[in-house]
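Chain naming here is simple, since letters A, B, ... match the order of the sequence lines and numbering starts at 1 in each. All values derive from a computational prediction rather than experimental measurement.
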Number of protein chains: 2
Amino acid sequence: MSSAAGPDPSEAPEERHFLSTAEAAALERELLEDYRFGRQQLVELCGHASAVAVTKAFPLPALSRKQRTVLVVCGPEQNGAVGLVCARHLRVFCEKMDIPFLSYLPTEVQLINEAYGLVVDAVLGPGVEPGEVGGPCTRALATLKLLSIPLVSLDIPSGWDAETGSDSEDGLRPDVLVSLAAPKRCAGRFSGRHHFVAGRFVPDDVRRKFALRLPGYTGTDCVAAL
Amino acid sequence: MSSAAGPDPSEAPEERHFLSTAEAAALERELLEDYRFGRQQLVELCGHASAVAVTKAFPLPALSRKQRTVLVVCGPEQNGAVGLVCARHLRVFCEKMDIPFLSYLPTEVQLINEAYGLVVDAVLGPGVEPGEVGGPCTRALATLKLLSIPLVSLDIPSGWDAETGSDSEDGLRPDVLVSLAAPKRCAGRFSGRHHFVAGRFVPDDVRRKFALRLPGYTGTDCVAAL
């Protein structure tokens, strides 16, 4: 058994690491329609893998009690649903981990910096606009930008353009990025410490169809470091 | 962080390892209604954990190519759905693993013994009757009883009474049992090599409400050995 799929020289020139937004949408459609994944299943798989990625980037036994207090900021669409599942799994990975459920994001930056050890950004996914200026998502992004504690973004850093990564200078600067299914183009501009891909559930035929070169997964791991 | 929840002496006398069928149904209802799990989510969590349990009982690198060919026999209800998800995850854990999709179970016992290294029994769950004599489920059970290759049963060995474990003498004798959510009473009569519980997703409050004493899960593991 080979645990890592090495690049095949005969295919290498055509393969790539990143998907455009349209390709990412097509890949998801293929999983839903041809492979008959349920959306709930995909969200569960992505949320679980995101939680595993967080614990790989921040191994729980090494964290202080305060550092183990995680804030997961969830938006209104699928990225937010993945964030909720991620929070649930983080909660069970460590019974002492404290994940309060807040109906709004505090605007006091210092309060968040002091109360939490880590923030997970599950606000916006690829192709989702933050909405009107002054709405809950743009306000959440403005707060997240100012935080000094480590930030983990799910799929794309919220507010970045999924294609170009523009706004990446002024925007969020996550320490960890967890690409769901496959990295989106903007991930090429990610410069944080850890980049994980949570896409083990993508069938090999789909991976080949989209000419994706993804890292090998070890054993029964659901995430791999890029 | 404590990775294993040791028994609390003050609660120990009331705690137990097994659920009755009625209690198991009530626990599932609580997850669905109060905790708002989707059924798809539970099936995905249980199927994934079952696949992890199979690879713990039969570590893939140690298996020959033939041994890595797994037959998952899926019934018509939820246990069968978990089996399908289990098969999908087993497939991705090892790209060389071969999981053919058969619309019927071969009746030739010798053929199955020779073609497969392992059989997963996902035919019937707790409280599900095999149906009419001569129907597809009773025929599948009759075939499974005669196999000599290792057998892994999901939740309860198909055909066993979930409460009493009766028919356990004449019935299937799995080598591995994977209890989903929590062990059902009949698991007390299981005498195979490995018993895993795949119930990390059961919230602590639910575990306490049902006075369940379950093993501790390590790190981000989704299954634990009993």
Under a 4.0 Å threshold between the charged nitrogen and the carboxylate oxygen, would A/Glu23 count as salt-bridged to A/Arg29?
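A/Glu23 and A/Arg29: not salt-bridged.
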Note: B/Glu28-B/Arg39 ion pair, threshold 4.0 Å (strictly below)
yes
Going by the rule salt bridge (charged side-chain N to carboxylate O under 4.0 Å, His left out), which residues pair with B/Asp155 if we only count those two or more places apart in sequence or in a different chain?
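Expected list: B/Lys184.
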So for B/Val43, is it side chain, backbone, both, or neither that comes closer than 4.5 Å to the heavy atoms of chain A?
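For B/Val43, neither part sits under 4.5 Å from chain A.
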Measure distances from B/Tyr35 to the heavy atoms of chain A and classify the residue's part below 4.5 Å as side chain, backbone, both or neither.
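Neither part, no heavy atoms under 4.5 Å.
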Find the one option among A/Leu45, A/Val85, A/Val52 whose heavy-atom pairs under 4.5 Å with chain B are most numerous.
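Looking at each option in turn, the highest pair count goes to A/Leu45.
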Do any pairs count as a salt bridge (charged side-chain N to carboxylate O under 4.0 Å, His left out) and have a residue in residues 216-226 of chain B, sequence neighbours left out, and if so which ones?
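Counting only pairs at least two positions apart or across chains, the salt bridge (charged side-chain N to carboxylate O under 4.0 Å, His left out) contacts touching residues 216-226 of chain B are B/Lys56-B/Asp221.
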